[in-house]
Amino acid sequence: MQKELAEKLKKIPSLNKGPSSSSVVTTGTVQRPVSTVATSVATGPSSSSVPPASAAVASVKPPTTGMPAVPGLESIPNLEAVKRAQELAAKMGFRQDPQFAPLINLFPGQVQVDVPVAQKPTKAPLLRVDALGREIDEHGNIINVTKPSNLSTLKVNINKQKKDAFQILKPELEVDPESNPHFDARMGIDKNKLLRPKRMTFQFVEEGKWSKDAEVIKLKSQFGEAKAKELKAKQAQLAKAKADINPNLIEVSERIITKEKPKDPIPEIEWWDLPILVSGSYDDIPDGVLCEDKLKKEKITIYVEHPRPIEPPAEPAPPPPQPLKLTKKEQKKLRTQRRLAREKDKQEMIRQGLIEPPKPKVKLSNLMKVLGSEATQDPTKLEMEIRSAAAEREQAHVDRNIARKLTPAERREKKERKLFDDPNTVETIVSVYRINDLSDPKTRFKVDVNAQENRLTGCAVISEGITVIVVEGGSKSIKRYGKLMLRRINWAEAVKDDKDGDEDEDEEKPPNKCVLVWQGSVAKSSFNRFSVHECITEAAAKKVFADARVAHYWDLAVNFSENDF
């Protein structure tokens with residue numbers, strides 16, 4: 001069929017040849033005339049000699065399909081056959097020959113396709129940049145280029161951008177719209193939706209709430225609802241009697257940081273003098289002379305009135321519960337019971353197949369007893385197996401010891417736990433020592449280095465005729481430092497030799513010694529590290545303690561007397 005159609009299309013130009021084809025196609029749709037028609041027009045005798053039949057055919061009206069009339073096509077005897085061939089070629093996807101395309105496209109029912117004209121390649125644009133790196137045009141003007149916005153590629157951010165884009169914003173009113181004189185109720189505004197809701201505040205949980213709820217649930221599971229209700233009623237009564245403060249009602253004010261505790265104002269009369277004086281003031285003693293008629297003698301007795309005891313600022317935690325002390329026989333019995341239970345569990349696991357049974361422990365000493373007749377078959381091989389098994393057991397023993405061995409960090413931590421107290425303990429112990437002379441450099445080095453090695457804070461203030469040492473730290477460190485100061489150092493010999501001095505002056509000096517003036521616990525330490533200070537005057541020495549707000553340590557050491565102690 002394709003071959004037949006191709007032959008028919010080739011015969012179309014020959015049909016247009018003849019006396020009737022004396023006109024040139026002048027329609028706007030045809031770009032150029034057919035070559036055969038143009039030749040006949042050029043070689044003909046005259047364009048006016050047209051037969052009447054041809055003129056009659058040319059005067060026929062064009063078809064109603066909107067296609068232009070082509071002269072000579074109506075005279076084709078098999079025009080319908082050509083149309084059918086064209087439709088068939090379009091259905092079968094036949095490609096038209098470009099030689100006959102202009103003529104075939106003139107048939108009715110065919111849409112002409114505009115052939116695109118190839119354009120000349122344009123030149124690549126030039127990039128012009130000024131001295132600052134900005135893009136400019138050929139006239140030197142700066143070109144403003146909009147920077148691309150950063151587009152997020154994460155799914156979460158994309159969804160958030162979509163949500164923000166389609167979010168409907170509602171107006172928020174701080175006041176009631178009805179209070180506005182210009183408010184119109186006919187607008188249908190719902191004030192409940194427009195008014196901003198009240199912000200949520202902190203709701204603190206009262207102390208003991210969760211423990212009470214847990215106790216109620218436990219009683220419900222054990223004794224039922226009746227017992228739980230009874231306990232709840234008792235707890236309500238206790239709460240009313242105690243009148244606890246609700247933590248949600250506490251007014252939170254601005255925090256005020258005080259560096260130093262304010263001192264109490266000086267009273268007009270001391271509390272210990274108030275019950276003794278008649279008038280209750282010091283006006284009766286103008287010159288410092290007290291008369292007997294100004295005193296309440298009935299208040300003066302042989303008894304000593306002691307001040308009210310004050311609890312220590314940092315009470316140590318109670319010791320942990322001690323285990324029950326057992327005798328040697330009881331300890332041995334418990335070890336035997338634990339070992340038997342452990343062995344029984346092991347045998348049960350071997351019986352269930354969870355672990356492998358242990359190999360028989362064969363040695364050269366029990367060789368014949370364990371193996372019997374098997375030992376005589378190949379004694380050399382058997383001896384090698386026994387020796388390798390013994391070496392394997394020994395290596396396993398060494399490996400277990402290495403696994404139990406502490407690492408250097410663990411060893412260091414264990415040593416620190418043994419030497420020093422737990423740093424989380426609240427209690428801080430302070431010791432104040434008084435020494436007559438600390439001029440010997442060796443003794444001064446021992447005092448300084450031992451304090452640093454025991455992680456103690458404080459200071460050693462050396463003045464003329466007296467030395468005061470204050471140390472702060474844990475109980476173990478304070479105990480070791482006290483042994484150094486009171487036992488290990490021979491203070492009578494720890495005096496710097498002065499050969500140029502007079503022997504008479506040395507005889508007049510009292511023997512050098514160290515005494516413990518005071519030892520107690522405080523809430524927090526007053527010094528950051530241990531340091532040694534040499535002061536010329538007592539005022540400078542006291543200033544060292546005053547800067548740390550512990551000037552009373554110096555007064556305590558200076559006024560200390562062994563007779564009073």
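From a predicted model like this one, the values you see are computed outputs, not experimental measurements.
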Around R529, counting heavy atoms of other residues, nucleotides and ligands shown, do more than 12 lie under 6.0 Å from its CZ? no
Give a yes or no on whether E298 atom CD has more than 12 heavy-atom contacts from other residues, nucleotides or ligands under 6.0 Å away. yes
Is there a side-chain contact between V430 and Y553 (heavy atoms, below 4.5 Å)? yes
Enter the distance from E413:CD to E416:CD here, rounded to the nearest 0.5 Å. 7.5 Å
On a heavy-atom basis, the closest approach of K414 and L406 is CD-CD1, 3.9 Å
Is there a side-chain contact between E268 and S281 (heavy atoms, below 4.5 Å)? no
Step-by-step salt bridge (Lys or Arg N to Asp or Glu O under 4.0 Å) determination, K212 to E206: CA-CA 11 Å; K212 291 176 184 177; E206 295 183 7; over 6 Å; no
Can a donor-acceptor pair be found, under 3.5 Å and without considering hydrogens, that links the side chain of R480 to the backbone of L419? yes
Determine yes or no for a side-chain-to-main-chain donor-acceptor pair under 3.5 angstrom, with N454 supplying the side chain and L456 the backbone. no
Side-chain touch L484/I489, heavy atoms, less than 4.5 angstrom: yes
Could you walk me through whether R549 and S526 pass the side chain to side chain contact (heavy atoms under 4.5 Å, CB included) test, one step at a time? CA-CA 8 Å; R549 296 189 295 274; S526 302; over 6 Å; no
Give a yes or no on whether the backbone of V447 and the side-chain of Y481 come within a donor-acceptor separation of less than 3.5 Å. yes
Heavy atoms, side chains only, cut-off 4.5 Å: are I350 and P358 in contact? yes
Kindly say whether D437 contributes a backbone atom to a donor-acceptor pair with the side chain of N512 at under 3.5 angstrom? yes
Does K363 offer a backbone N or O that forms a donor-acceptor pair with the side chain of N366 under 3.5 Å? yes
Can you confirm whether E270 is buried at CD, in the sense that more than 12 heavy atoms of other residues, nucleotides or ligands lie under 6.0 Å from that atom? yes
Rounded at 0.5 Å granularity, tell me how far CD1 in I462 sits from CG in L438. 4.5 Å
Should we say atom CZ of R417 is surrounded by more than 12 heavy atoms from elsewhere, each under 6.0 Å from it? yes
Are any side-chain N or O atoms of E472 and backbone N or O atoms of T428, one a donor and one an acceptor, separated by less than 3.5 Å? no
Pair K346-E343, salt bridge (Lys or Arg N to Asp or Glu O under 4.0 Å): steps then yes or no: CA-CA 5 Å; K346 185 179 178 181; E343 188 66 26; 5.2 Å; no
From W554 atom CH2 to I466 atom CD1, the distance as rounded to the nearest 0.5 Å: 5.0 Å
Within a radius of less than 6.0 Å around CZ of R387, do more than 12 heavy atoms belonging to other residues, nucleotides or ligands occur? no
Taking atom NZ as the centre, does K476 end up with more than 12 heavy-atom neighbours from other residues, nucleotides or ligands that are less than 6.0 angstrom away? yes
Donor-acceptor check, side chain of R434 to backbone of V515, threshold 3.5 angstrom: yes or no? no
Working to the nearest 0.5 Å, report the span between CG of L277 and CD1 of I269. 4.5 Å
As an exercise, state the distance from CG of N490 to NZ of K513, rounded to the nearest 0.5 Å. 14.0 Å
Hey, does S463 have a side-chain heavy atom less than 4.5 Å from the side chain of T537? no
Greater than 12 external heavy atoms within 6.0 Å of E392's CD: no
Might you work through the side chain to side chain contact (heavy atoms under 4.5 Å, CB included) test for V558 and K542, ending with a clear yes or no? CA-CA 10 Å; V558 170; K542 188 174 182 179; over 6 Å; no
Looking at every heavy atom in both I478 and S431, which two are closest together, and how far apart are they? CG2-OG, 3.4 Å
Atom of G482, atom of Y433 and distance for their closest heavy-atom approach: CA-OH, 3.3 Å
If we only count heavy atoms from C-beta on, is the L334 to L326 side-chain gap below 4.5 Å? yes
So does E348 pair up with R351, basic N to acidic O under 4.0 Å? yes
Any idea which heavy atoms bring P511 and N436 closest together, and the distance? O-ND2, 3.1 Å
Which value, rounded to the nearest 0.5 Å, describes the distance between L340 atom CG and R335 atom CZ? 13.0 Å
Would you indicate whether the side-chain heavy atoms of R488 and K446 approach each other to under 4.5 Å? no
Does any part of the side chain of D213, heavy atoms only, come nearer than 4.5 Å to the side chain of W210, both counted from C-beta? yes
Please check: side-chain N/O of T407 versus main-chain N/O of E410, any donor-acceptor pairing under 3.5 Å? yes
Side chain W491, main chain M485, donor-acceptor under 3.5 Å: yes
Can you tell me if K296 has over 12 outside heavy atoms packed within less than 6.0 Å of its NZ? yes
Short question: side chain of N559, backbone of D555 - any donor-acceptor pair under 3.5 Å? yes
